[in-house]
Protein chains: 2
Amino acid sequence: MTSTLPSPPDARSALLGAATRLIRERGYAATSVNDLCREAGVSKGAFFHHFASKDELAVEAAKNWSAVTGALFREADYHLHERAADRVFAYLDLREDLLAGAVSEFTCLAGTLVQEAHGEDAIRAACAESILGHAATLESDIAQALADAGVPHSVTAQSLARHTQAVLQGAFILAKAEGDAAPVREGIGHLRQYLTTLFTPSAERSAP
Amino acid sequence: MTSTLPSPPDARSALLGAATRLIRERGYAATSVNDLCREAGVSKGAFFHHFASKDELAVEAAKNWSAVTGALFREADYHLHERAADRVFAYLDLREDLLAGAVSEFTCLAGTLVQEAHGEDAIRAACAESILGHAATLESDIAQALADAGVPHSVTAQSLARHTQAVLQGAFILAKAEGDAAPVREGIGHLRQYLTTLFTPSAERSAP
DNA sequence: CAACATACCGACCGGTCGGTCTGTACGCTA
DNA sequence: TAGCGTACAGACCGACCGGTCGGTATGTTG
């Protein structure tokens with residue numbers, strides 16, 4: 001008795017995986033239904049059996065992306081640190097550790113998809129949920145770290161959490177432009193520096 | 001005697017303008033040559049008279065984008081401030097002022113294009129030049145502001161200049177996801193706060 | 001066993017794609 | 001006026017697009 005979940009039919013998840021790979025590589029519009037079927041090793045009949053349209057697949061792929069990355073971050077070690085600020089910095093360390101392989105292997109499906117397809121409301125909404133939902137998982141640690149610093153800050157935890165995602169998304173674009181992960185490492189570095197000043201109690205700063 | 005440059009044929013610039021509008025609205029792959037011709041009010045013959053291929057138009061559109069935005073920022077007022085830090089903050093003010101109209105009217109053509117077409121090397125290079133070239137125009141002011149603060153900083157002016165562009169590009173993605181400019185304003189706000197701490201002499205911070 | 005559902009398969013459809021090609025209108029030079 | 005180069009115009013091409021549809025193999029249920 002294996003421990004697989006009450007798995008959905010195989011063709012469906014093969015198509016979701018193919019969509020994730022191909023859209024991250026070449027974008028949504030440039031990926032045809034035939035491409036997806038070939039990559040997934042299924043027929044066109046199977047495609048339209050599981051998804052009503054190409055757009056519906058995009059929405060499901062974005063939801064699947066949320067689920068997969070959600071699980072990855074939920075189960076990661078960075079939550080184990082005692083101090084909230086340490087949890088946030090450990091999250092950034094993890095993001096940096098994830099930068100392996102080709103550019104299309106570490107960039108964000110939701111960011112890529114929404115840039116192209118924000119005109120389609122269902123796709124836009126699924127991508128927004130993916131990006132902002134992930135940002136929301138950082139909010140409580142950031143709020144706690146801000147509170148620990150004990151100073152009234154003009155920035156909110158929500159805004160700061162979203163900012164971390166904006167920096168990552170923007171760094172991914174520079175990475176695509178340069179063909180290299182270096183800009184993402186730099187972006188994370190600036191984020192670390194910014195958060196360090198925000199998380200440092202002002203007492204410590206005025207009396208070093 | 002008007003002061004127009006030895007202007008290129010009209011169909012060419014109409015196509016460049018159409019490409020800028022349509023690609024920012026719907027992306028590159030989703031914009032067809034026929035769409036471009038219709039929007040520009042020219043025939044398909046005219047299109048392939050001026051551009052060898054759709055990809056070549058994309059490259060030329062990216063170069064044209066560099067030229068247009070380059071002129072806009074070169075001639076802007078923010079250069080007039082005496083203190084380097086003020087010039088940098090005034091640049092951010094200008095970026096915020098530019099956030100008018102629909103999302104596709106303030107987002108970056110080069111960022112949109114490279115996200116989709118980074119697989120095509122000529123397009124990738126033209127977009128990289130546009131984004132990184134613009135970042136480079138900020139470098140000397142940032143370097144000066146850093147020097148004025150008089151502290152050895154661990155960040156370089158180049159890295160910081162590129163970071164400003166990464167933040168903007170990432171904020172554009174959140175803006176597309178939300179359908180609103182608000183995330184860009186927030187991103188610029190965080191940038192202002194980060195730069196403020198970097199540009200503040202440590203003497204001032206340790207003795208407030 | 002019949003009756004029905006699910007999960008495909010792949011030929012096929014009308015339409016659109018990027019790109020080609022022939023033709024032509026116009027300006028310049030000689 | 002002839003001859004030539006540039007700037008189009010738009011019919012046309014084969015490949016490919018997203019999507020449909022009739023069919024089949026394999027359960028499951030009564």
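So you know, we letter chains A, B, ... as the sequences are listed, proteins then strands, and number each from 1.
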Whole angstrom is fine here: how far is it from [atom1] in [X] over to [atom2] in [N]?
{"X": "A:L57", "N": "D:dC17", "atom1": "CG", "atom2": "P", "value": "15 Å"}
{"X": "B:H50", "N": "D:dT6", "atom1": "NE2", "atom2": "C1'", "value": "9 Å"}
{"X": "A:F51", "N": "C:dC8", "atom1": "CZ", "atom2": "P", "value": "11 Å"}
{"X": "B:L15", "N": "D:dA9", "atom1": "CG", "atom2": "C1'", "value": "14 Å"}
{"X": "B:H49", "N": "C:dG23", "atom1": "NE2", "atom2": "P", "value": "19 Å"}

When you compare the side chains of [X] and [Y], does any donor N or O come within less than 3.5 Å of an acceptor on the partner?
{"X": "B:D55", "Y": "B:Y28", "answer": "yes"}
{"X": "A:Y91", "Y": "A:R87", "answer": "no"}
{"X": "A:E60", "Y": "A:N64", "answer": "no"}

Quick one: what's the B/S/- string for nucleotides 14-20 of chain C, heavy-atom cutoff under 4.0 Å, read 5' to 3'? ---SBBB
When the ring planes of [X] and [Y] are compared, do they come out parallel, tilted or perpendicular, using 30° and 60° as the limits?
{"X": "A:F199", "Y": "A:F89", "value": "perpendicular"}
{"X": "A:F106", "Y": "A:F172", "value": "tilted"}
{"X": "A:H163", "Y": "A:Y194", "value": "perpendicular"}

